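All remarks here apply to the structure that follows.
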Amino acid sequence: MLEVLHHPLITHKLTQMRQNSTTTKDFRENLDEIAELMAYEVCRDLPTRPIEIETPVSKCIGYELSKEVVIVPILRAGIGLLDGIRRLVPTAKVGFIGMYRDEETLEPVEYFAKFPNDLEHSIVMIVDPMLATGGSANDAINQIKKRGAKNIKLVCLVGAPEGVQLIQKNHPDVDVYLAALDERLNEHGYIVPGLGDAGDRIFGTK
């Protein structure tokens with residue numbers, strides 16, 4: 001499933017982020033706020049279980065999340081989405097995955113991975129601001145599936161049709177959430193119109 005979250009506040013904040021004149025501080029703050037807004041929609045179908053509680057007036061049946069949520073940022077830019085989602089789901093655990101592509105073999109190489117236990121029974125949100133060619137997200141999903149994860153959501157800010165198609169082809173069981181689906185990739189693999197290199201703009205390294 002692909003869901004593009006058409007929400008006025010998300011669109012407004014994303015427009016601020018796209019502008020070349022936006023400072024690192026404003027870029028990072030808008031990304032953080034969009035992440036929280038997106039999390040509200042991404043979490044809409046989280047499973048719950050009934051629980052008996054006692055209010056100041058009487059006992060009643062309430063509901064609580066029935067599965068652990070694990071957020072997995074793809075290093076390094078995915079870190080920019082982490083705090084916004086955790087504010088909405090403060091009980092979420094966090095894993096990290098870092099990958100690069102070997103220049104000779106062109107195969108993905110995992111250089112860092114750290115995950116909570118029991119991914120098999122958790123809802124795993126892989127987060128990265130950009131879904132361009134889809135290569136990093138595809139490789140991250142493969143690695144996380146190898147560790148037992150079965151319920152995976154991919155949460156990105158901006159996506160290109162090429163990246164979406166790759167994920168849908170290779171991982172039809174993974175739900176993809178975007179704040180915007182842009183036009184295409186250019187000859188350098190950047191999303192058009194996009195917002196540039198998200199990692200550089202988040203951390204001020206451009």
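Values below: every heavy atom of this structure, side chains too, minus hydrogens, waters and symmetry copies. Bear in mind that the values here come from a model prediction, so they are computed numbers and not experimental data.
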Discussion item. Which heavy atom of Ala92 sits nearest to which heavy atom of Ile71, and what is that distance?
Written reply: CB-CD1, 3.8 Å
Worksheet item: Within the side chain of Ser66, is there an N or O that forms a donor-acceptor pair under 3.5 Å with the backbone of Pro47?
Response: yes
Fill in: Transitive ILVMFWY side-chain link Phe203 to Leu75, under 4.5 Å
yes
Worksheet item: When you check the gap from the basic side-chain N to the acidic O, do Arg86 and Asp32 get nearer than 4.0 Å?
Response: no
Fill in: Audit row: Leu131, Val176, side chain to side chain contact (heavy atoms under 4.5 Å, CB included) steps and yes/no
CA-CA 10 Å; Leu131 180 60; Val176 179; 4.2 Å; yes
Practice prompt. Verify, without hydrogens or angle tests, whether Arg18 (side chain) and Gly194 (backbone) share a donor-acceptor contact under 3.5 angstrom.
Written response: yes
Worksheet, complete the sentence: Distance col, row Asp175:CG vs Glu3:CD, nearest 0.5 angstrom, shows 8.5 Å
Discussion item. Quick check: closest heavy atoms across Val124 and Ala149, and the distance to 0.1 Å?
Written reply: CG2-CB, 4.0 Å
Discussion item. With rounding to the nearest 0.5 angstrom, report the CD to NZ distance, Glu68 to Lys93.
Written reply: 4.0 Å
Discussion item. Could you tell me if His121 and Asn151 have a donor-acceptor pair between their side chains, going purely by distance under 3.5 Å?
Written reply: no
Item to complete: Determine, for Asp45 against Lys153, whether the closest basic-nitrogen to carboxylate-oxygen distance falls under 4.0 angstrom.
Response: yes
Worksheet item: Can you get from Leu9 to Ile34 by hopping between Ile, Leu, Val, Met, Phe, Trp and Tyr side chains that sit under 4.5 Å apart?
Response: yes
Fill in: Lys/Arg-Asp/Glu bridge criterion (N-O < 4.0 Å) met for Lys146, Glu120
no
Discussion item. Side chain to side chain contact (heavy atoms under 4.5 Å, CB included) for Leu185 and Ile191? Distances and angles first, verdict last.
Written reply: CA-CA 5 Å; Leu185 296 177; Ile191 299 174; 3.8 Å; yes
Practice prompt. Give a yes or no on whether a salt bridge exists between Glu64 and Arg49, defined as a side-chain N under 4.0 angstrom from a carboxylate O.
Written response: yes
Fill in: Non-hydrogen side-chain atoms of Val164 and Leu181 separated by less than 4.5 Å
yes
Worksheet item: Are Ile126 and Val4 joined in one hydrophobic group, where the rule is that I, L, V, M, F, W and Y side chains link up if heavy atoms are under 4.5 Å apart?
Response: yes
Discussion item. Main chain of Asp26, side chain of Asn30: is a donor-acceptor contact present, judged purely on distance under 3.5 Å?
Written reply: yes
Practice prompt. With the side chain counted from C-beta on, respond yes when Thr22 and Met17 share a heavy-atom pair under 4.5 Å apart, and no when they do not.
Written response: no
Item to complete: Would you mind telling me which of Leu81, Ile85, Ile152 makes a side-chain contact (heavy atoms from CB on, under 4.5 Å) with Met125?
Response: Ile85
Worksheet entry | In one Ile/Leu/Val/Met/Phe/Trp/Tyr side-chain cluster, 4.5 Å: Leu46, Leu82 | yes
Worksheet, complete the sentence: Separation between CG (Asp83) and CD (Glu36), nearest 0.5 Å, reads 10.5 Å
Discussion item. Tyr177 vs Leu2, test: side chain to side chain contact (heavy atoms under 4.5 Å, CB included). Steps then yes/no.
Written reply: CA-CA 6 Å; Tyr177 296 84; Leu2 169 65; over 6 Å; no
Worksheet, complete the sentence: The reported gap from NZ in Lys114 to CZ in Phe96 (rounded to nearest 0.5 angstrom) is 11.0 Å
Worksheet item: What heavy-atom pair brings Ile202 and Pro129 nearest, and what distance separates the two atoms?
Response: CD1-CG, 4.2 Å
Discussion item. In the structure I gave you, are the side-chain heavy atoms of Val70 and Ile123 within less than 4.5 Å of one another anywhere?
Written reply: no
Discussion item. As an exercise, state the distance from CG of Leu154 to CE of Met1, rounded to the nearest 0.5 Å.
Written reply: 11.0 Å
Worksheet item: Are Leu166 and Ile141 connected in a single hydrophobic cluster, I mean Ile/Leu/Val/Met/Phe/Trp/Tyr linked by side-chain heavy atoms less than 4.5 Å apart?
Response: no
Fill in: Met38 versus Leu178, closest heavy-atom pair with distance
CE-C, 3.8 Å
Worksheet item: Any chance OH of Tyr190 has more than 12 other-residue heavy atoms, nucleotides or ligands included, within less than 6.0 Å?
Response: no
Item to complete: Kindly compute the distance separating CG (Leu31) from CD (Gln16), expressed to the nearest 0.5 Å.
Response: 13.5 Å
Practice prompt. Please check if atom NZ in Lys145 has more than 12 non-hydrogen atoms from other residues, nucleotides or ligands closer than 6.0 Å.
Written response: yes
Fill in: Sidechain N-carboxylate O distance under 4.0 Å for Arg76, Asp128
no
Worksheet item: Does the Arg44 side chain pair with the main chain of Tyr40, one donor and one acceptor, at a distance under 3.5 Å?
Response: no
Worksheet item: Do the side chain of Arg184 and the main chain of Val192 share a donor and acceptor less than 3.5 angstrom apart?
Response: no
Response to the item:
Heavy-atom closest pair (Ala35 atom, Gly84 atom, distance to 0.1 Å) is CB-CA, 4.1 Å
Item to complete: Would you check if Glu110 and Ile97 make a side-chain contact, meaning some heavy-atom pair closer than 4.5 Å?
Response: yes
Worksheet item: Where do Val127 and Cys156 land on the side chain to side chain contact (heavy atoms under 4.5 Å, CB included) test, with the steps shown first?
Response: CA-CA 6 Å; Val127 299; Cys156 302; over 6 Å; no
Worksheet entry | Greater than 12 external heavy atoms within 6.0 Å of Asn117's CG | no
Worksheet item: Do Leu14 and Leu195 come within less than 4.5 Å of each other through their side chains, counting heavy atoms only?
Response: yes
Worksheet item: Counting N and O atoms only, with roles assigned by atom type, does the side chain of Ser122 sit under 3.5 Å from a partner on the main chain of Asp118, one being a donor and the other an acceptor?
Response: yes
Worksheet item: Which of these, His171, Lys169, Gln143, sits in a side chain to side chain donor-acceptor pair (under 3.5 Å) with Asn138?
Response: His171
Response to the item:
Looking only at heavy atoms, the pair that brings Ile74 and Ala137 closest together is CD1-CA, 4.0 Å
